[in-house]
Amino acid sequence: MNLENYFISQFKNSHIGDDGALINDTVYSKDAFFEDIHFKTAWMSYYQIAAKAMAVNISDAVAMNAKPRYALLSVAMPSSITKSQARELANGFKDSASTYGVEIIGGDTIANVKLDITVTIISKTTKPLRRKGLKKGHLIAYSGELGRSAKDLKKLMNLGKIHKKSKFVDIKLRDKFISNSARFLSCGMDISDGLFSDLGKLSSINRVGFKFYKKIPKSIGCSGEEYEMLFGFDKRYKKALLQRAKLSRTPINIIGECVRKNYKNMCKAHHF
């Protein structure tokens with residue numbers, strides 16, 4: 001168990017373990033987005049930083065088939081930030097929130113030596129999608145394309161440039177596919193730590209392993225910050241899911257099925 005998981009294990013209760021905490025019909029979720037941990041200001045504009053910070057947090061609501069309603073912001077800003085940059089930051093938050101129908105209702109701002117952001121999202125759901133629900137024989141799949149985020153991070157770390165539509169800076173969530181398909185899904189979560197790492201979370205909570213149909217390269221399996229959806233479903237619903245994926249223009253990759261065996265994550269524990 002790594003230190004992060006060990007720390008989380010100190011707070012055992014029935015609300016911890018999904019992308020957000022489900023209490024009655026409300027989902028509460030919160031993620032941090034810190035300078036020099038998740039991004040560098042040399043890599044992204046202040047607008048892009050705020051927009052991604054908001055989208056990353058809304059992703060947790062989407063992953064649980066919850067409709068995000070409200071956001072609370074905590075922004076620690078360096079004293080060197082200008083009014084123009086602060087305005088960019090605010091516009092990034094507002095535009096990203098508006099895209100998904102989220103109202104920013106408050107929060108806190110403090111002075112800091114660097115730019116650190118945390119966002120709390122409050123969402124509503126009538127049919128929550130949780131991580132637990134996989135059974136032997138269920139199929140496992142993910143949406144979209146994986147691997148690009150890690151490649152673009154490598155470019156940035158080598159002082160290169162990436163396209164403004166790169167997934168590393170411009171996240172597109174699968175909210176339409178999830179809301180239209182939730183009744184056919186047995187479990188779901190977003191891919192933030194990497195496919196192999198997040199499969200490990202599903203394996204642990206459902207006590208299943210996976211039989212993959214073909215070998216998945218580490219360049220795909222270990223790429224984090226993808227924010228695609230990882231989900232499982234009964235084979236009976238394959239046709240229905242593929243139809244709904246087509247309607248929402250969501251590429252689906254069925255990678256294997258659940259079996260009774262141990263699962264081993266092939267990635268080192270790191271953010272990406």
Steps toward salt bridge (charged side-chain N to carboxylate O under 4.0 Å, His left out) verdict (Glu228, Arg174): CA-CA 7 Å; Glu228 293 290 351; Arg174 304 296 184 178; 2.8 Å; yes

Could you see if [X] belongs to whatever hydrophobic cluster contains [Y]? Use Ile, Leu, Val, Met, Phe, Trp, Tyr and a side-chain cutoff under 4.5 Å.
X      : Y      : result
Met54  : Ile105 : no
Ile205 : Leu195 : no
Ile191 : Phe233 : no
Val27  : Leu72  : no
Leu129 : Ile252 : yes

Minimum side-chain heavy-atom gap [X]-[Y] below 4.5 Å:
X      : Y      : result
Val259 : Val208 : no
Ile122 : Thr26  : yes
Val113 : Pro78  : no
Lys218 : Met266 : yes
Asp152 : Val169 : no
Val62  : Asp19  : no
Ser45  : Glu88  : yes
Tyr28  : Ile23  : yes

Say whether, by atom type as modelled, one donor and one acceptor occur between the side chain of [X] and the main chain of [Y] under 3.5 angstrom.
X      : Y      : result
Ser74  : Gly107 : no
Ser219 : Gly147 : no
Asn265 : Cys267 : yes
His38  : Phe34  : yes
Gln10  : Phe7   : no
Asn206 : Arg131 : yes
Ser203 : Leu199 : no
Asp198 : Met189 : no
Thr118 : Asp31  : no

Residues Tyr142 and Glu226: side-chain donor-acceptor under 3.5 angstrom: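 Side-chain D/A pair, Tyr142 to Glu226: absent.
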
Distance-only polar pair, side chains of Thr250 and Ser248, donor-acceptor under 3.5 Å: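 There is such a pair between these side chains.
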
Residues that Thr41 engages under side chain to side chain contact (heavy atoms under 4.5 Å, CB included), provided they are two or more places apart: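 Checked Thr41 against side chain to side chain contact (heavy atoms under 4.5 Å, CB included); matches are Glu35, Phe39, Tyr46, Ile49.
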
Identify the heavy atoms of [X] and [Y] that sit nearest to each other, and give their distance.
X      : Y      : value
Ser166 : Ile162 : OG-CD1, 3.7 Å
Ser181 : Arg244 : OG-CB, 3.5 Å
Ser59  : Asp190 : OG-OD2, 2.6 Å
Asn57  : Ala53  : ND2-O, 2.8 Å
Ser96  : Ile58  : O-CD1, 4.2 Å
Cys258 : Lys135 : CB-O, 3.3 Å

Test: Lys52 cationic atom under 6.0 Å from Phe168 six-membered ring centre, within 45° of axis: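 Pair Lys52/Phe168 counts as cation-pi.
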
side-chain contact (heavy atoms from CB on, under 4.5 Å) between Glu225 and Ser192, intermediate numbers included: CA-CA 5 Å; Glu225 297 278 329; Ser192 56; 5.8 Å; no

Charged N-O contact under 4.0 Å between Glu257 and Lys136: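 No, Glu257 and Lys136 are not salt-bridged.
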
Short N-O contact, Lys114 and Asp116, less than 4.0 angstrom: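 A salt bridge links Lys114 with Asp116.
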
Can you tell me how far apart [atom1] ([X]) and [atom2] ([Y]) are? Round to the nearest 0.5 Å.
X      : Y      : atom1 : atom2 : result
Leu89  : Phe93  : CG    : CZ    : 4.5 Å
Lys167 : Ile171 : NZ    : CD1   : 9.5 Å
Leu22  : Ile16  : CG    : CD1   : 13.5 Å
Asp193 : Ser223 : CG    : OG    : 11.5 Å
Arg130 : Asp18  : CZ    : CG    : 4.5 Å
Ile140 : Lys211 : CD1   : NZ    : 15.0 Å

Aromatic plane relationship, Phe231 with Phe177 - under 30° parallel, 30 to 60° tilted, over 60° perpendicular: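 The rings of Phe177 and Phe231 sit tilted, inter-plane angle from 30° to 60°.
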
Got more than 12 heavy atoms from elsewhere within 6.0 Å of [atom1], [X]?
X      : atom1 : answer
Arg249 : CZ    : no
Lys201 : NZ    : yes
Asp108 : CG    : yes
Asn158 : CG    : yes

Derivation and outcome, side-chain contact (heavy atoms from CB on, under 4.5 Å), residues Lys155 and Lys161: CA-CA 7 Å; Lys155 280 185 184 179; Lys161 293 185 180 296; over 6 Å; no

Verdict with supporting geometry, Phe210 and Ile255, side-chain contact (heavy atoms from CB on, under 4.5 Å): CA-CA 9 Å; Phe210 308 103; Ile255 56 174; over 6 Å; no

Sequence-distant partners of Asp95, salt bridge (charged side-chain N to carboxylate O under 4.0 Å, His left out), two or more places apart: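 For Asp95, no residue satisfies salt bridge (charged side-chain N to carboxylate O under 4.0 Å, His left out) once neighbours in sequence are set aside.
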
Candidate pair Lys172 and Asp170, rule salt bridge (charged side-chain N to carboxylate O under 4.0 Å, His left out), full reasoning: CA-CA 7 Å; Lys172 302 299 182 190; Asp170 187 34; 3.5 Å; yes

Steps toward side-chain contact (heavy atoms from CB on, under 4.5 Å) verdict (Asp25, Thr126): CA-CA 6 Å; Asp25 65 347; Thr126 55; over 6 Å; no

Pairwise ring-ring contact (aromatic ring centres under 6.0 Å, His included) hits with a residue in residues 179-200, at least two apart: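 Found Phe184-Tyr237.
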
